Amino acid sequence: MTETPAIQARYAVSTHLAQNTDLYSVSEEESQSDDRSAAFPETTDFSHYNSLPDQVESSAHSENTEQPVEVYDFRASRFAKRSRLSQWFPQIEDDENSSTRIYFSRRSRALLLQILLIGLILATNLGLTIYAIVSYGSQNGVGTIYKGDCNKVKTLDQWIHLLINFLSTGLLAASNYCMQLQAAPTRADVDHAHQADAHERNRAHKEGQWLDIGVPSLRNLWYISNWRRFAWALLALSSVPVHLIYNSAVFQSLASNDYTIAVVKDSFVNGSSWNLTTAENNRRGDFGWEDFRVNPPNRNYTEIILDMQQNAMSTGWEDMNISACFALYNDYFAPQGNGVIFVKNDTGAEDDSLLMYVSIIPRSDDWAKNMWAAMNGSESFVARATDLPVTKWFLGPKQYEVSHCRVQDPDTITNQCRFEYSPPIMYTICALNIIKAFVMLCIWSVRRWQDAERTDADKAVLYTLGDAVASFMRRPDPTTVDMGLATKGDFIRRRPWKNRLEKRNFWFKAASIRRWIVLLFLCCLTIVIVAILLGVSFVSLRHRKFSTSIPALWQLGFGNLTPYTYLVIGLPREDPEGLISNVLLANLPQLVLSILYIFYNSMLSTFLVQREFSRMCRKQRKPLRVSEPIGIQRSSYFISLPLRYGIPIYTTSALMHWLISQSLFLARITAICADGNPEICPGGQVDLANSFSTCGYSPIAVFITILVGAFIVLVIVAIGLRTYDGTMSMASTNSMAISAACHVLQEDREDGYLLPVQWGVVEIKDGVGKCAFTTAPANRIKMPEAELKYK
């Protein structure tokens with residue numbers, strides 16, 4: 001890959017410093033001599049720097065540490081000067097007017113990219129909403145996108161939810177990025193928190209509080225301006241409803257038929273008389289026939305039974321044997337019509353031909369809709385019938401044995417699954433999207449105006465570790481003077497400071513114990529709660545004679561709605577209360593996951609901030625990575641998560657949101673009227689009174705979600721077991737610990753933050769060393785040693 005001039009210049013300057021080239025010691029007169037031309041021709045080939053040999057380590061490293069070391073006074077020298085370096089590397093003087101790299105690297109342009117992402121998602125949401133409203137319309141807050149094959153509905157549901165979760169992840173990632181920008185402190189905010197002014201007037205004044213640098217932080221909100229706090233709150237509050245409703249913008253509605261069953265003698269179809277009261281007495285005591293969940297009171301059963309008697313032998317009906325008849329009514333979602341069941345063991349009078357009857361509507365209590373048949377005369381609750389085929393079938397308390405059936409032809413029954421959407425939810429999502437876009441545009445506009453007016457270094461925002469180091473190099477913090485090896489622990493626990501030199505540090509030490517406890521406790525608590533609920537569902541399934549083995553759970557379906565996996569917790573079933581309450585319940589885990597994602601993101605960001613800090617002692621020095629680069633300073637569009645970490649965590653987040661949407665989901669059951677009651681419920685029409693909303697769950701999807709969630713927790717723990725170099729202190733994101741490492745020598749205050757720097761021992765006086773960042777060549781500084789004292 002071809003390197004840009006800025007990268008070449010940055011590498012060349014860094015290499016000169018690391019390779020002990022005394023580039024900056026030449027005088028102005030020498031810089032005009034022929035020697036300079038020979039050493040640095042106008043057309044420089046930077047490729048040869050890769051082959052330069054490593055220099056001998058400083059004498060501090062070459063000494064045998066086991067022997068007493070005689071300490072001599074020492075001070076770094078030959079500091080880099082921007083004015084001299086620019087003679088050979090003019091890129092050092094670049095700004096946004098002369099460099100496209102710098103122009104596009106400004107934090108305002110990175111924010112603009114996030115606004116464009118928000119705008120693209122808004123355009124998608126608005127386009128889909130307008131298209132759905134115009135093309136499909138709606139009734140009572142629900143519209144139908146597709147009506148037909150149930151398998152197609154399930155496929156549509158899974159793919160559209162996958163799209164929704166990627167859109168929501170992009171929406172929330174852009175919002176979180178902007179929130180992190182808003183929560184980043186200015187140098188004035190940091191000084192206010194540190195109480196730097198009071199400490200500068202009186203060195204005995206106790207230092208104040210530290211702030212977080214480079215990570216999402218609630219701590220910083222107490223110190224930033226009211227406008228930035230208000231914008232942060234708007235973005236945060238507008239995210240909560242997105243989590244709670246976005247995944248329920250579309251949902252599947254499965255159809256289930258109403259029907260009436262009449263158990264009769266052979267003489268019934270010949271027009272013999274019958275009596276409803278006698279039939280009701282015959283079924284008494286059998287839950288499947290007289291339970292309050294069947295036989296709706298608003299039906300005219302005399303009219304229905306009479307219609308069945310008149311039409312049972314017509315061409316629209318067909319004969320079925322015992323096995324076929326049982327299998328038809330054993331399926332909750334199969335097209336089902338009225339049925340006449342003939343028995344062979346009744347020898348009573350022929351003029352009372354109706355033995356029993358039952359009117360069935362879709363059940364919402366995760367018991368069998370066909371309990372009247374599945375009980376097989378047992379008079380007890382049964383959720384699942386015996387294995388098919390059934391060849392011997394008994395009905396009711398009197399154990400009527402079935403001979404055969406006469407049913408409405410299933411091919412003539414209206415029964416279609418629906419893929420539906422909720423216009424109010426889509427309107428709300430679009431409104432929240434607009435709010436986010438507007439707030440982010442305001443932030444971008446205000447930031448542009450502030451950037452144009454910002455000349456005071458105190459107003460510079462410290463987004464990244466590099467921003468903080470650059471600021472503290474230019475104007476050191478008086479509250480952390482002579483604390484060059486201080487760690488975050490010195491300020492978190494307020495322990496007496498002493499110089500600490502550790503040779504090995506694990507990544508997990510970058511985060512506080514409290515942050516680890518909160519993250520792991522919340523993650524483990526969530527996984528345990530979900531596992532317990534899954535275990536409770538296993539008990540329910542076993543009670544209904546279902547196996548809970550992995551193959552059996554897979555047969556129930558991944559993300560599929562079944563009549564045995566409804567949530568029965570007392571929520572309203574009728575719309576609109578049923579729709580709203582079940583939408584909120586189905587999406588509550590999405591909100592929990594997003595909160596866990598914020599903690600997870602913050603933990604990983606903390607690791608990487610410390611990683612960036614710990615690499616600054618290497619001889620392969622680099623310029624600081626800052627938000628507003630000048631010259632050869634490095635820049636990036638991310639704050640603390642590089643793409644190699646950011647892309648996997650965003651993808652994993654979207655995957656988890658999708659898995660949750662397939663584990664717990666909104667489900668609507670549309671009841672379809674049967675023939676025989678044209679005034680109250682015309683055949684083939686939607687039975688609004690008995691349609692309902694509920695939540696369904698998929699046990700196998702829940703199980704997979706638990707496994708993936710546990711794996712993600714193990715990943716962050718495994719990452720925490722990686723090690724840092726350990727030469728530099730464990731500053732982490734602590735602003736006071738970072739400032740303690742940045743008390744540079746006077747020679748580096750003017751230009752040092754603009755050039756490649758290295759951290760090390762820059763001065764030893766009276767046996768006490770001073771550690772700081774410097775531009776001095778590698779052979780003019782030392783590395784800390786355990787036997788010496790440092791400040």
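Positions are given from 1 along the sequence. If you're wondering where the values come from, they're calculated on a predicted model, not measured in any experiment.
Between Tyr357 and Tyr301, the angle of the ring planes lies from 30° to 60°, which puts this pair in the tilted group. Ring geometry for Phe326 versus Trp393: interplanar angle over 60°, hence perpendicular rather than tilted (30 to 60°).
Rounded to the nearest 0.5 angstrom, Cys695 SG and Asn582 CG are separated by 4.0 Å. With rounding to the nearest 0.5 Å, the separation of CD in Gln336 from OG in Ser256 is 6.0 Å. Residue Leu172 holds its CG atom at 6.5 Å from NE2 of His657, rounded to the nearest 0.5 Å. Put simply, CG on Asn275 and OG1 on Thr302 are 9.0 Å apart, with the number rounded to the nearest 0.5 Å. Put simply, CG on Leu117 and CG on Leu167 are 9.5 Å apart, with the number rounded to the nearest 0.5 Å. Here the CG atom belonging to Leu354 is positioned 10.5 Å from the OG atom belonging to Ser267, to the nearest 0.5 angstrom.
Closest of all the heavy-atom pairs between Arg299 and Asp258 is NH2-OD2, 3.1 Å. Summarising the geometry of Gln309 relative to Ser272, their closest heavy-atom pair is NE2-O, 2.9 Å, with the distance given to 0.1 Å. When every heavy atom of Gly396 is checked against every heavy atom of Met356, the shortest pair comes out as CA-CE, 3.6 Å. Between Leu585 and Pro589 the shortest heavy-atom distance is O-CD, 3.5 Å. Considering every non-hydrogen atom in both Ala552 and Ser547, the closest pair reads CB-O, 3.5 Å. Pairing each heavy atom of Trp317 with each of Gly339, the nearest pair is CZ3-CA, 4.1 Å.
Between Ile118 and Asn433, the closest side-chain pair of non-hydrogen atoms falls below 4.5 Å. A heavy-atom distance below 4.5 Å is found between the side chains of Val407 and Glu318. With contacts defined as side-chain heavy-atom distances shorter than 4.5 Å, the pair Val264/Val269 does not qualify. In this structure the side chain of Ile669 reaches within 4.5 angstrom of the side chain of Phe333, judged on heavy atoms. Under the 4.5 Å side-chain criterion, counting only non-hydrogen atoms from C-beta, Val263 is in contact with Val343. Ser359 is listed as a side-chain neighbour of Asn295, based on a closest heavy-atom distance under 4.5 Å. The closest side-chain heavy-atom distance from Leu171 to Ile429 is not below 4.5 Å. Contact annotation: the side chain of Glu420 approaches that of Thr144 to within less than 4.5 Å [non-hydrogen atoms, C-beta and beyond].
At least one donor-acceptor pair under 3.5 Å links the side chain of Ser537 to the backbone N or O of Leu534. A donor-acceptor contact shorter than 3.5 Å is absent between the side chain of Ser135 and the backbone of Ala132. Trp274 contributes no side-chain N or O that, together with a main-chain N or O of Phe268, makes up a donor-acceptor pair within less than 3.5 Å. With Thr670 contributing its side chain and Ala255 its backbone, the two residues share no donor-acceptor pair below 3.5 Å. At distances below 3.5 Å, not a single donor-acceptor pair connects side-chain atoms of Thr260 with backbone N or O atoms of Ile305. A side-chain donor-acceptor contact under 3.5 Å links Ser353 to the backbone of Ser273. Without hydrogens or angle criteria, Ser138 side chain to Gly143 main chain gives no donor-acceptor distance under 3.5 Å. Side-chain atoms of Gln590 never come within 3.5 Å of backbone atoms of Val242 as a donor-acceptor pair (strictly under, hydrogens ignored). With Gln252 contributing its side chain and Leu156 its backbone, the two residues share no donor-acceptor pair below 3.5 Å. Without hydrogens or angle criteria, Thr565 side chain to Ser698 main chain gives no donor-acceptor distance under 3.5 Å.
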> Hey, mind stepping through Ile322 and Lys392 against side chain to side chain contact (heavy atoms under 4.5 Å, CB included) and telling me if it holds?
Replying inline: CA-CA 7 Å; Ile322 293 175; Lys392 214 167 188 58; over 6 Å; no
>> For a side chain to side chain contact (heavy atoms under 4.5 Å, CB included) check, start with the C-alpha distance between Ile700 and Leu556, then their side-chain angles and the critical distance, and finish with the verdict.
In response: CA-CA 8 Å; Ile700 189 63; Leu556 280 175; over 6 Å; no
> Could you walk me through whether Leu655 and Thr651 pass the side chain to side chain contact (heavy atoms under 4.5 Å, CB included) check?
Replying inline: CA-CA 6 Å; Leu655 174 63; Thr651 303; 5.6 Å; no
>> For Phe546 and Leu553: C-alpha separation, side-chain torsions, deciding distance, then whether side chain to side chain contact (heavy atoms under 4.5 Å, CB included) applies.
In response: CA-CA 9 Å; Phe546 282 90; Leu553 294 179; over 6 Å; no
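With respect to Trp658, the ring pair (Phe, Tyr, Trp, His ring centres under 6.0 Å) criterion is satisfied by exactly one of Phe166, Phe558, Phe665, Tyr246: Phe558. A side chain to side chain contact (heavy atoms under 4.5 Å, CB included) with Tyr329 is found for one member of Ile360, Ile261, Ile341 and no other, namely Ile261.
Applying the side-chain hydrogen bond (donor to acceptor under 3.5 Å, both in side chains) test to pairs two or more places apart or on separate chains, those with a residue in residues 157-167 are Asp157-His161, Asn165-Asn247. Applying the disulfide bond (SG atoms under 2.5 Å apart) test to every pair with at least one member in residues 391-424, sequence neighbours left out, gives these pairs: Cys150-Cys417, Cys325-Cys405.
Listed by chain and number, the residues in a side-chain contact (heavy atoms from CB on, under 4.5 Å) with Val583 are Ile245, Ser248, Ile425, Leu579, Asn587, Leu666 (sequence neighbours excluded).
Taking the centre and axis of the six-membered ring of Phe342, the NZ or CZ atom of Arg406 falls outside the cone set by 45° and 6.0 Å.
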